[in-house]
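Lettering follows sequence order; numbering is per chain, from 1. Keep in mind it's a predicted model, so treat the numbers as computed, not measured.
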2 protein chains.
Amino acid sequence: MRVTGDQALVKKLNKSIVLDTIRRKGPLSRTDVSERTGLNKATVSNLTFELLEQKLVEETGLGVSSGGRKPLMLLFNGGAGCAIGIELGVTLVKAALTDLKGGILLETSAPLGKHNPDTAFAVICEIVRPLLEAAPEAPHGVVGIGIGVPGMVDESGLILYAPNLGWEGVDLKGRLESEFGVPVVIDNEANAGAAGEREYGAGRHVRHLVYVSAGMGIGSGMIIDGQLYKGAWGYAGETGHMSIESDGRLCSCGSRGCWELYASERAYAYFESQEEEGQISTQESGSRSTEFDKPIDLPSLTTPELTEYARQGHDNTLRMYEEIGRRLGIGITNLVNGFNPEKIVVGGPLTEAKEWIEPAMLAVIAERALPYHRRELAVSFSELGSRSAVLGAAHLAVSQFLGRVRVSL
Amino acid sequence: MRVTGDQALVKKLNKSIVLDTIRRKGPLSRTDVSERTGLNKATVSNLTFELLEQKLVEETGLGVSSGGRKPLMLLFNGGAGCAIGIELGVTLVKAALTDLKGGILLETSAPLGKHNPDTAFAVICEIVRPLLEAAPEAPHGVVGIGIGVPGMVDESGLILYAPNLGWEGVDLKGRLESEFGVPVVIDNEANAGAAGEREYGAGRHVRHLVYVSAGMGIGSGMIIDGQLYKGAWGYAGETGHMSIESDGRLCSCGSRGCWELYASERAYAYFESQEEEGQISTQESGSRSTEFDKPIDLPSLTTPELTEYARQGHDNTLRMYEEIGRRLGIGITNLVNGFNPEKIVVGGPLTEAKEWIEPAMLAVIAERALPYHRRELAVSFSELGSRSAVLGAAHLAVSQFLGRVRVSL
DNA sequence: AAAACTTTGTCTATCGAGTAAACTAAGTCT
DNA sequence: AGACTTAGTTTACTCGATAGACAAAGTTTT
C-alpha cells in the first residue's frame, strides 16, 4: 500500500520544509521562510509555532530592519536533543556524542581486539554508555544512535556480511536497540561517511554526491538527489569490487582486478610481494601493462608509517602512492562517467597520503573522464577527516528523528 | 523554491495513484482500488468520476459478484490518446505511433543518409508527419512525441554531444516542438530503452533496473526506484566508457580500456586488426592478459553477417562472441556490485548474437558478482527487441502527459 | 419466494489543512 | 508628526479526504 495524500501528509511535508529551511539557511524571519518556500505567511507562522513548542526552533531575537518592523529571527535549536554516532572499524571503535547540528559534545574510542560479535557488542556498549550518561538535559534527550559498519547491511538493518570482521548475519541494530532503548540506524561505513560529508563536510548543498572511502578496501556511498542510494536490497556501493583490470589479480571476492586491489591499502601488499599466484598467465605474446610487475621494496605496510617515509622523500613509497593515485583516478572516472555526480569526495584512512596521491588522481580524472561529465565536476578530499563516518552515523540518527517527506512531480 | 503541500497536491497525488493502480492492475472495481491504495471509497469514487470524464478510464461492465452487488469494473483507456516514439539511430530512424498503453498502431522507418542536423530533422519530420495524420480521433489526440538519440542530452533537452552523429549542441526537441506543436520529450537512446523495457518489456514491476544497450557502443539506462536516474546534469549512464582494462586500448574518448571497446560492436574491429597503436607498451616483463593479442580472422564486421557465420558454426566468430560475452559480463558485474539492481536487461543491436554471447556472459556474472548482489539478481535480454527505444520514447511522452507525483517519507 | 445477508458504490456532515486579504504591531524615512 | 514599510497574526473561506450512514444490487438461507 502506497503513501497516499491527505492533510496530515501536507502538514508533515510543509513542516519538514519549514524546519529544513530554518536548519539550513537560518537565522531567518517568518517572512523570509515564507518567501523562500512559497508557503503562505500564515502557514509558516502556524508551523513555526509548533516547532517552537517542540523546541526544535528558537527565536533568537530581533534582526535588522529593512525599512519597517524588525524581524524576529528563527534558528534551528541544535540543543533540543543529542545523537550518538559510532564507527565500527576493524581495529577501533570510534564514537561521538553530538547535538542535532552535528556539533561534537564528546568523543571517545576503544580498540577492538577480538572480532566476534559478542566482544564487539560489549566494546560498543562500554563506549556508548558514558556518552549516554554525559548527554546534557534536552527536550528530546538522546534521539538515536547511528552506527557505520565495515560491511553490507540489508534493508532491515541486519549486517549480512562483513568480511573484515568475519561476520555474517549479525543483528547489531536489534541488540543495540534493546540494550539502550533508543532508535538505532545502521549502515555501511561508506554510506555513513557519505552522509557525514554531505551534511557537514565537503558535500554540503550537493545533490548528487559520491563518497569514496579508501582504507583496507574501497566502498562508496552514493547520494542521489540528496538521499542515500541503497539499491534494490541495500547493497549498493560495493565499488571496491569493480574490476578495472579484467584479468588482473585474483581478489578474495572471487573476481579479478578489483579496484581495491590497486587503489586501497590492500595495494601495499601487492607492490611488496607481487606474487603471481592470482594472475592469469598469457597464452600469447605482447604485454601492455604499466603495473609494477616486479616487486617494489616498501619499507612498511601501514599507512601511518608509509606516509612518514613519503614525507622523507622515500622514492619507492612515492612511486607507489603515485600509482595508487592513478588507480584511484581510474576507478573514480568510471564512477563519474556512469553516475554523473556533481561532486566526488574521497575519504578514509588512505587519505592520510592525500598529498602524494592527489596529483596523479586528479590528472587521470582530467585526462580520462568524459568532457561534459568532468566540466562541472568537483573532486575533493574529505573535510571531516577520520570523523566522516562517526558524524554521518550521528546524522543518520538525527535525520530519522526529524523525519523527512519528499515530493517529486 | 521547493514543492510545497496543499490540497491541490494531495488531489494530484491521489488521482495519479488511482490512475496508476487501474493502469497497472486493472480491471478493478472502485472498492478494489480503495483497498489496494488505502484511499477511502468516497475518494476513489470522486477521483474515478473525474478520470471517467477525462476519458482516461472507462467502465467495462459488471464483474463477477463475490456474494453481493456486482462490481463495475474500471479499465485504463489506452485509446484516450496516442503518442509517437522515435529512435534516431546512426543509419536509421525508426518511429511508431502507439496508444497510451504502448500498443503499436503504426510503425515506420527511414534510412538516415547524411548526419547533419538539418537532414536528420527533415527525415524525422517526413517520418512523423504520416504518423500524426494516421492518428485516430481520440479525446486527447497525440499527447506527445518521445525521441531517443545516440548521445548525451542535458536537463533542458539539448543534445550536447552525439559522437556517432557528429553533433554538438543541437536543439532537436525545440525544433520538433515548434514544427508539430506537441510536447516533445528527448532522451538518450539507452534511457529510452530502459523506460521501454521497464514499462512494457523485461523489466515490468521492477523498481531498480539497469538496461545495458550494446550496439556500436554501450550505454546504460538506470532506473532507480521506478524513475530514470539522470545524474547531476543528465549525463548519467555513459558506462560504455567505464574502463575495464586500466591500460588497455586507447578509446576515442581519450580514456583507455573502455568497456565498449571489448563488449560492443566496436570490438569487431579490434579482434580483426588488433593494431597496437593504442596500447601502452610494458616497461617490464610478465604479461597477464587473456585478450586476443593476435588478430582473429573475422569474415565480416557487421552483426547481421557475423551472426550468420556464427549460426554456421564459424569457429573464430564463435570464439569472438564468447569473448564479447565474457567482457559484457565483466562490465555488468561492475554495475551489479555498484548499483545492486534487481534486474539487468541487455538490449541493443548486439543482442542479435544473444545465443553465442549469453553463456559466457552469465557464467562471468555468476563467477564474479558479489554473492549477495547476485543472489536475487535477474539478468535477461530485451523483450522488446529492436523496439525498446521506440516504445520507451513513446512511453516517456505518455508518462509526461499523465503526470506523476511521488512522495517518499 | 421472502428474508437475511453481503458487497458495491454514493451521499452527507465534518475536519483540518493552506490561502488571501484584512489587520495589528512595530519599525523607518522625510 | 505623519507617511510609508515591513513583520507577523487574525479572519473568513476553499477544498480535499474521511467516516459512517445509506442506497443499490446482488447472493444465500430459510
Kindly list each side-chain donor-acceptor pair under 3.5 angstrom involving residues 395-403 of chain A, sequence neighbours excluded, with atom names and distances?
from, atom 1, to, atom 2, distance (Å)
A:H395, ND1, A:Y200, OH, 3.3
A:H395, NE2, A:E199, OE1, 3.2

Opening and closing nucleotides of DNA chain C in contact with chain A, under 4.0 Å to non-hydrogen atoms
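The contact span of chain A on DNA chain C goes from C:dG16 to C:dT28.
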Salt bridge (charged side-chain N to carboxylate O under 4.0 Å, His left out) partners of residues 52-62 of chain A, not counting sequence neighbours, each pair once:
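Salt bridge (charged side-chain N to carboxylate O under 4.0 Å, His left out) check on residues 52-62 of chain A returns A:R30-A:E59.
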Under the rule for side-chain hydrogen bond (donor to acceptor under 3.5 Å, both in side chains), what residues qualify as partners of [X], not counting sequence neighbours?
X: A:D154; answer: A:S156
X: A:E383; answer: A:R204
X: B:R406; answer: none
X: B:T98; answer: none

Does A:G67 or A:N40 map to a spot on DNA chain D nearer the 5' end, using the closest nucleotide for each?
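Comparing both residues, the 5'-ward one is A:G67.
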Holding to side-chain contact (heavy atoms from CB on, under 4.5 Å), I want the full list of residues that pass it with A:D6, two or more places apart in sequence or in another chain.
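side-chain contact (heavy atoms from CB on, under 4.5 Å) check on A:D6 returns A:A8, A:L9.
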Note, A:K15 side chain near A:I17 side chain (heavy atom, < 4.5 Å):
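A:K15 does not reach A:I17 side chain to side chain.
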Scan the side chains in residues 223-234 of chain A for donor-acceptor partners under 3.5 Å anywhere in the protein, sequence neighbours excluded, and list what turns up.
from, atom 1, to, atom 2, distance (Å)
A:D225, OD1, A:R207, NE, 3.4
A:D225, OD1, A:R207, NH1, 3.3
A:D225, OD1, A:R207, NH2, 2.4
A:Y229, OH, B:F339, O, 3.0
A:K230, NZ, A:D187, OD2, 2.7

A:V10 vs B:G68, nearer the 5' end of DNA chain C by closest nucleotide:
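Its nearest nucleotide lies further toward 5', so the answer is B:G68.
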Please name all residues satisfying salt bridge (charged side-chain N to carboxylate O under 4.0 Å, His left out) with B:K12, sequence neighbours left out, ordered by chain then number.
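For B:K12 there are no salt bridge (charged side-chain N to carboxylate O under 4.0 Å, His left out) partners, ignoring immediate neighbours.
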With the threshold set at under 4.0 Å for non-hydrogen atoms, list the residues of residues 41-58 of chain B touching DNA chain D in residue-number order.
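Of all residues in residues 41-58 of chain B, the ones placing a heavy atom under 4.0 Å from DNA chain D are B:A42, B:T43.
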On DNA chain D, reading 5' to 3', which nucleotide is the first and which the last to sit with an atom under 4.0 Å from a heavy atom of chain B, could you check?
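For DNA chain D, the relevant span reads D:dC15 to D:dT27.
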